[in-house]
Amino acid sequence: MLEFKSVGKSFGGINIFENLNFQLKKGEWVGLTGGNGTGKSTLINIATGFQLPDEGKVNLGNVSLLGLKPWQIARLGVKRNFQSVRLSESLILRDQFFVPDKKIFDNLEMIQASGIKGFLNRFPSECPLPILRKMEVLRALLHSPSILFLDEPSAGFSQEELHEFSQFLITYVPSSISLVIVEHRTELMQLVCTKSWGLFLNEPLRIM
Amino acid sequence: MLKIENLYVKYGFIQALSNVSILLNKGEIVLLDGHHGAGKSSLLNAIVGLVASRGQVIIGKNIIKNRSPNKTLKLGVSFLPEGNCIFSNLTVKENIELGSVLASIKHSENALDVFPEISHLMNKKAFFLSGGQSRMVAFARSMASNPTYLLLDEPLSGLSKGPQEIIWKKLVELKNNGIGVLITGQHNVQENSEIDHKYIIENGQIDKVF
Amino acid sequence: MSLYLITVLTNICLFSFIALSAYLILIVGEVSFGQQAFFGIGAYSLAIFFVYFDFSIISSIFFGMLICFCLALFLSLLTIKLSGLYFAMATLAFAEVFRLSMNLVRFPIEKEGRATGLNGPEGFENIRWIFENNIDPLGFFYITLITLTILVISLFILERSFIMKNARIVGKDIILAQSLGIRPRPYRVFFIGTAGAISGLGGALFALANTYIEPAMFGMMLGVHSLAYTIIGGLGLPIGPLLGVFIDIGLLESIRFLSEYRMIIFGGLVAIILIFYPEGIISPRIASRIKRLFFNKGL
Amino acid sequence: MEFLQTCIDGLLFGSAYSLLALSFSLLFGVMKRINLAFGSTLLLSAVFSLWIDSLFSIGIFGIFFLMIASSALINIYVEKLCFYPHSGKYGATVSMISSFAIWMQLDEMSSFLLPDRTASFPSFLPDSFFLKDLFIRIDQLFLFLIAVFMTSIFFYVLYKTNYGLLLRGVSFDGELAKKLGVNSGKISSFAFAFSGIFGAIAAFLILSTESQVTPFFGFWCTLKGLVAMMLGGIGSLPGAIIGGLFLGLVESNVINYLGAEYRDICTYLILLFILVVKPGGIMGSALLRDERAASERI
């Protein structure tokens with residue numbers, strides 16, 4: 001479904017990766033690990049159109065994603081969350097799904113299960129970090145993605161929260177969605193993902 | 001020694017810390033462990049005076065009143081907040097030199113060589129650094145202010161194995177040079193034999209001491 | 001009501017238009033120093049259509065707004081890559097080019113024995129619609145008030161729609177907006193265009209009320225004042241800018257007994273208000289709280 | 001010959017713009033803030049100094065030093081009221097509007113001290129000389145040299161001193177700097193005072209070449225400084241100098257060939273054109289590049 005073909009990217013003269021190849025199939029749940037500066041976030045940025053690769057091809061099905069703007073890619077169903085939580089300080093959580101109300105009501109069960117229901121009428125500054133992270137994941141899910149990139153979704157979670165969260169993902173993320181979880185900690189991906197990839201400096205993508 | 005006695009911190013109605021006492025001697029590594037939101041960061045922030053607190057902080061024999069990061073730094077307590085705390089608009093070298101400027105001491109060449117891993121990047125803008133590299137730069141900057149005590153908030157979190165080991169090795173080296181190091185929770189260093197004491201914070205209170 | 005009070009209230013209404021136009025632009029995350037230009041273009045277009053071409057008053061206003069809308073669209077497309085101070089300076093440059101060129105255009109005519117028409121810095125005199133139709137100040141106040149009310153109500157309706165919600169995300173966090181599949185540019189272009197039209201509407205009414213306009217009325221001071229109104233009033237709800245205008249003009253008038261020290265006090269007061277309400281008095285956060293009170297959807 | 005004379009006039013007068021642009025660049029390049037009250041600060045300090053002079057006749061040097069001192073103080077007042085309370089991402093707009101309010105306030109104070117609307121300002125240099133057929137005003141030449149000299153001082157402070165290092169650190173992330181032990185308040189007051197001193201020297205020189213001060217001087221300073229800074233490229237020190245000289249050059253040529261009433265129109269048209277075609281200004285602003293790069297990283 002999503003395919004990277006010999007993609008290369010460098011930043012200010014520092015090579016982040018070169019000749020990166022992989023294929024993400026429909027419904028595949030992949031955990032992506034790797035050291036710092038190996039370009040995990042850059043990979044997401046390229047796949048979602050926020051950055052342009054220096055070389056190579058990025059295809060979604062038959063469509064080339066190169067040259068498409070981030071919003072066009074998002075409309076094609078490639079969604080993401082952000083490592084630094086991006087929520088508006090001036091809106092209560094309920095107003096931050098940015099979907100019609102009907103959709104919120106349809107998915108009420110999911111919202112309830114995520115444990116953020118009690119916080120829906122609060123501002124982000126009144127909620128603990130794990131809630132905000134869940135909120136971001138929920139927001140992405142409500143936008144019915146076909147591919148979902150989660151950048152460090154469990155950062156700041158305690159062990160119990162992590163288990164709960166993995167259970168939540170397994171129950172509520174439709175199996176037709178391809179999921180890519182980028183993390184330093186491997187616990188979440190071990191619980192959730194069927195496949196895991198490793199990204200290391202100056203090496204091709206390692207499938208583990 | 002750096003001694004914290006009966007520290008209380010309150011945010012609005014929430015009691016973030018109550019009656020916390022901690023002792024950090026020179027040449028020790030002390031670990032503060034606890035869940036997210038248990039009050040680890042609040043404790044470090046309170047020590048350097050970033051949040052208002054009740055209680056005493058004693059450096060050597062002096063009780064420090066009206067603490068501020070500036071004041072504690074000049075008394076030899078260097079604090080490094082969570083995350084990649086670097087100035088992306090400055091070069092790596094300038095970032096590190098900032099440490100000595102902050103403490104109002106002379107630049108020392110040693111500080112630039114704390115991590116040989118980043119020595120080739122000295123004249124690059126810090127903007128281009130990866131997470132691990134920027135953590136090393138921030139660490140080297142803390143060292144440049146020539147501290148007696150180091151307070152590091154989550155120094156190893158978000159790092160991959162390589163940089164983690166490099167920084168941990170440096171911490172042990174500092175310990176052996178007689179510097180007191182206080183770091184906050186990191187599950188993968190818990191069992192490390194180099195840690196002299198471990199405090200577990202739960203709901204703003206010291207739960208256990210090892 | 002005394003004539004004095006009516007004049008003050010009419011002024012509050014008239015300047016609310018330009019404040020609302022600054023509000024719309026601030027919502028999509030930009031700062032414009034040039035809304036006074038559209039205020040001026042609206043005023044001048046109305047005068048030209050009405051005096052030279054004898055258009056009816058409604059169509060004069062309409063064409064004035066249309067010209068403002070088109071010029072604002074043009075300006076926003078021209079500056080599509082600019083943001084922040086760059087955009088602000090570009091709009092200022094545009095506004096000053098307009099104002100200064102109005103100083104150079106002279107095309108005086110005589111109508112019913114009275115001198116009128118474009119006349120450089122001496123201005124455009126005798127736009128006599130209110131006299132021809134025997135509209136007294138109170139009547140004109142009602143006209144502006146009704147127009148303003150319709151505008152504010154439509155903005156409130158817009159506020160509840162996805163357009164405004166999306167525009168607010170685009171203004172606050174353009175990266176998030178894109179990742180949600182929102183295309184930022186149309187919002188920006190459309191809002192800047194609409195802001196131009198609203199400002200033009202205000203300008204047209206202003207020309208009618210004053211019966212006389214001159215380029216110096218549309219200087220940078222007016223534009224920055226309109227920004228100040230919106231920032232003080234807040235970006236949360238469309239009545240924010242109105243509150244800002246009211247505080248400025250209303251307060252200015254109410255402390256007139258201190259007239260000599262008026263600006264000294266007022267300038268300091270604004271700075272102090274901004275310290276305590278940096279997001280304005282009706283900030284988005286407060287607007288959110290209000291909505292939470294009134295529209296709790298049972299979640 | 002006429003063209004050459006016009007250009008020389010323009011360049012010499014442009015050096016005044018350069019000085020103003022430098023003061024703006026200092027604040028914008030370093031603190032990322034626009035101080036709209038800047039011109040009125042200079043006006044008030046000049047008018048205040050003249051007022052003191054009329055009371056105690058402190059002489060031209062007295063006026064000079066009093067202007068520097070009062071301008072630094074008023075700048076600190078502006079900083080404490082308009083800029084210090086507004087940190088963070090959205091602080092830029094708010095502090096700009098706040099400084100606009102203070103602009104009104106300072107202008108009003110000046111008009112109290114300047115009831116006659118205009119006052120003469122002492123000049124201190126011999127007027128002019130002829131170089132072959134070219135007429136050159138010494139005081140303006142002096143202004144030009146000062147502009148170059150002050151840029152070097154500015155550059156030195158920012159890039160070679162510890163204070164400059166702290167200043168650049170605070171400009172990037174004031175919160176972080178505070179956590180690490182920088183006294184951010186002190187640093188930013190310093191920056192404002194510095195730009196005030198800088199501006200006061202510029203204003204003194206400009207006023208003494210003009211040999212009078214009017215209430216429009218403040219507005220004029222703010223606008224010309226901003227325009228020259230944008231023309232040259234924000235945050236670039238050579239850009240500020242070149243932007244000022246370019247502005248002077250354009251204005252004198254337009255006045256000479258088209259007439260005085262076209263002066264400002266042409267200036268703004270050129271500004272609009274440069275912003276649309278090359279937003280970084282003539283010199284290509286490093287700041288713009290940095291901003292773009294930073295926004296690319298998520």
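All figures in this text were calculated on a predicted structure; none of them were measured in a lab. Convention: sequence-line order gives letters A, B, ...; per-chain numbering from 1.
Heavy-atom minimum distance, Val31(C) versus Met96(D): CG1-CE, 3.8 Å. Residues His86(D) and Leu274(C) share a closest heavy-atom pair of CE1-O, 2.9 Å. Across every non-hydrogen atom of Gly268(C) and Ile102(D), the tightest pair is CA-CD1, 4.3 Å.
For residues 247-272 of chain D, a heavy-atom distance under 4.5 Å to chain C picks out Glu261(D), Tyr262(D), Asp264(D), Ile265(D), Tyr268(D), Leu269(D), Leu271(D), Leu272(D), given by residue number. Of residues 238-245 of chain C, no residue lies under 4.5 Å from chain D by any heavy-atom pair.
Counted within 6.0 Å of CZ on Phe246(C), heavy atoms from surrounding residues, nucleotides or ligands total 12 or fewer; the atom is thus considered open. For Phe190(C), the CZ atom sits in a loose shell: 12 or fewer heavy atoms of surrounding residues, nucleotides or ligands are nearer than 6.0 Å. Around CH2 of Trp51(D), the count of heavy atoms belonging to other residues, nucleotides or ligands within 6.0 Å does not exceed 12.
Here CG of Leu275(D) is found 7.0 Å from CE of Met89(C). Values are rounded to the nearest 0.5 Å. Note that CD1 of Ile232(C) and CD1 of Ile97(D) are 8.5 Å apart. Values are rounded to the nearest 0.5 Å.
Between Leu92(C) and Val227(D), every side-chain heavy-atom pair lies at or beyond the 4.5 Å cut-off. Between Lys81(C) and Val276(D), the closest side-chain pair of non-hydrogen atoms is not below 4.5 Å. The shortest distance between side-chain heavy atoms of Phe100(D) and Val270(C) does not fall below 4.5 Å. Looking only at side-chain heavy atoms (C-beta outward), Ile275(C) and Leu81(D) come within less than 4.5 Å of each other.
Neither the backbone nor the side chain of Tyr229(C) comes within less than 4.5 Å of any heavy atom in chain D. For a residue to count as touching a neighbouring chain, one of its non-hydrogen atoms must lie under 4.5 Å from one of that chain's; by this rule Leu226(D) touches chain C with backbone and side chain alike. For Met221(C), the parts sitting under 4.5 Å from any heavy atom of chain D are the backbone and the side chain alike. Residue contact with chain D, scored on non-hydrogen atoms closer than 4.5 Å, involves the side chain of Leu104(C) exclusively. Within the 4.5 angstrom heavy-atom criterion, no atom of Ile80(C) approaches chain D. For a residue to count as touching a neighbouring chain, one of its non-hydrogen atoms must lie under 4.5 Å from one of that chain's; by this rule Met230(D) touches chain C with the side chain only. The contact between Ile231(C) and chain D is made entirely by side chain atoms (from C-beta outward), counting heavy-atom distances below 4.5 Å.
Not a single donor-acceptor pair under 3.5 Å links the side chain of Gln105(D) to the backbone N or O of Gly267(C).
Counting heavy-atom pairs closer than 4.5 Å to chain D, the top-ranked of the candidates Glu279(C), Arg99(C), Met220(C) is Met220(C). Heavy-atom pairs under 4.5 Å with chain C peak, among Ser99(D), Ala101(D), Ser95(D), at Ala101(D).
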